[in-house]
Every structure is written in structure tokens, then in C-alpha cells.
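Here the structure is laid out as C-alpha cells; the discussion comes afterwards.
One is the number of the first residue; the rest follow in order along the sequence. Atoms within each ligand, like the ligands themselves, are counted from 1 in listed order.
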Amino acid sequence: MKKLGINVDHVATIRNARGGKHPDPYLAAIQAINYGADSITIHLREDRRHINDHDVKKICKDKKIIVNLEMAANYEMLKIALKNKPNFVCIVPEKRKEVTTEGGLNLKKNLTKLKKIISKLNKANIRTSLFINPNINDVKLSKILNAKCVEIHTGKLSDLIKIKKEFKKEFNKIAKCSIYAKKIGLQVHAGHGLDYKSTKLLNTIKSIKEFNIGHFIIGDSIFYGLKNVIQKFKKILKN
Ligand code: PXP
């Protein structure tokens, strides 16, 4: 069965709106694991707009939680990752003014730095994935860079589905990259903007092993509860 990673950043977004301690993303992480999530994703942004350093420490310290730390490719973040030892790291591009991670990494432009960072993470036994756009060249580069996984950015596909536009071309790109990545020995993940409909569709791509979903799950939990929403996604991934 495919794995479900749940991103709890937006629990921290709600907490930070009032500056207090509630709701606690750590508690959301514990509950998500109890309800069937396979891992928890947290994105420590340079501007700390949702998850902060204390959250990273607290969530990584609890060994019941399998943690996927999303971070930008810089040495400050590398130091934090090596100190807190999450199970996984996903390297993502980061722009201060973006609302969310708008696209995949520019691997070509950052080869040297990425190579160094991935090598340090590999040595620390932290499984590293690279968040990429669905294109074959980036899959090839990810392998050359020695990453263990690629996470394919599904934002464009998700948007096309939401606005009921033609999405076949984008879907085929994702399918082609996933099949190729698996063939050359990379584990394939998918994430960004996913809801029930887009997850159901992407679940038909057998090479995808893991889905990482955040905003929709936290948002829908307001109406239906975290347990029900997670169970609904798990049911989709069973097929
Ligand atoms: N995967 C990666 C690499 C991301 O950067 C994000 C957003 O932080 C997600 C998955 C989750 O995206 P969403 O919140 O839109 O489900």
C-alpha cells in the first residue's frame, strides 16, 4: 500500500495567528500517526512563518513519529537537520514572498551545493528527497546527485483538476517521470495541492510510493475531523 505523509504546517499557521501555543502541531502529529498517517511532514521555512525551531525539536524528539523535514538547500537548515535527526529530509525551493512552494527545485543552478548537502544527509542516514517538477532531466540529475527519492510537484495538475481544465498532458508527464525514476532506482513521492480527487487519480500511477498532503487535510479536518479525513485518504490509497 502507498504511504501517506501528512503535513502539519497549517496547524502552526493557525497557532501563530494568535501567537500562543494552541493548536499544537506536535499534538496534530501524534494524532495523525494514531489515525494511520505513515509520516509527518514539517517545513521549517527561513522566515519561520508556521513551524518554528521548537516544533522541529519537539516533533523530531518523539521517536513514535516518522518525520519528514522539508527545508531549503542552505547550510543553516542542514545544521538544524543534522542536529534534530529527522528520518527524512525533503529539499525544497524557497522564496520569501511566495504563499507556498510554487514549483520544483532548480537543480542545474544549485548542483554543487545540493551535492554537498545530500552527501552530508546520506552520511547521517537521513533519507533525502528532492522536490522537482515533472521533467525527466531533473529525475536524471536527482540520481546523479545521489538523492534517494524524488517528490514530484503536483501543484499544476491539482490546479487544472480544480478549475476543470484539461489535465491529461500534465498527468502523463507525472506518470512518465514516476515510471522512469522508479526504473533508475529512485523512490517516487508526490505532493502539493492534493485533495481526494487528484489523489485518487495519481494513485493509478503504480510507481508512486508516497503522497505528502497538508493544506487540504488540515482544512477538511475543520469540518470532518482529522480521523475521518485520514481514513478517507487511506481508503483511496488502498485501491
Ligand atoms: N510536498 C512538498 C515538498 C511541499 O513543499 C508541500 C507544501 O509544503 C506539500 C507536499 C504539501 O502541499 P499541500 O499543503 O498543498 O498539500
Legend entry - Ion pair check, E76 and K79, cut-off under 4.0 Å: no
Inset, instruction - Answer with side chain, backbone, both or neither: which part of E70 has a heavy atom less than 4.0 angstrom from an atom of ligand 1? - result: side chain
Inset, instruction - Ignoring hydrogens and angles, state whether a donor on the side chain of D55 or Y26 is under 3.5 Å from an acceptor on the partner side chain. - result: no
Inset, instruction - Please report the closest heavy-atom contact between K2 and N203, naming both atoms and the distance. - result: CD-OD1, 3.1 Å
Legend entry - Exercise: identify the closest heavy-atom pair between V89 and A81: CG2-CB, 4.1 Å
Inset, instruction - Decide whether an N or O pair under 3.5 Å exists between T101 and ligand 1. - result: yes
Inset, instruction - Please determine if H10 has a nitrogen or oxygen closer than 3.5 Å to a nitrogen or oxygen of ligand 1. - result: no
Legend entry - Nearest neighbour of atom 16 (O) of ligand 1 from the list C90, G104, G214, on a heavy-atom basis: G214
Inset, instruction - Please work out which of the three classes, parallel, tilted or perpendicular, describes the rings of H10 and H215, given edges at 30° and 60°. - result: perpendicular
Taking only heavy atoms of [X] into account, list the atoms of ligand 1 that are under 4.0 Å away from them.
X    : answer
V92  : 3 (C)
N7   : 8 (O)
I213 : 16 (O)

Can you tell me the protein heavy atom closest to [atom] and the distance?
atom                    : value
atom 7 (C) of ligand 1  : H192 CD2, 3.7 Å
atom 1 (N) of ligand 1  : E151 OE2, 2.5 Å
atom 14 (O) of ligand 1 : H215 N, 2.8 Å
atom 15 (O) of ligand 1 : G193 N, 2.8 Å

Inset, instruction - Give a yes/no verdict on whether any heavy atom in F131 is under 4.0 Å from an atom of ligand 1. - result: yes
Legend entry - Verdict with supporting geometry, Q187 and K148, side-chain contact (heavy atoms from CB on, under 4.5 Å): CA-CA 6 Å; Q187 198 178 102; K148 300 285 179 259; over 6 Å; no
Legend entry - Geometric cation-pi criterion K232 and Y196, 6.0 Å radius, 45° cone: yes
Inset, instruction - Among D9, N7, N68, find the one that has a side-chain hydrogen bond (donor to acceptor under 3.5 Å, both in side chains) with T41. - result: N68
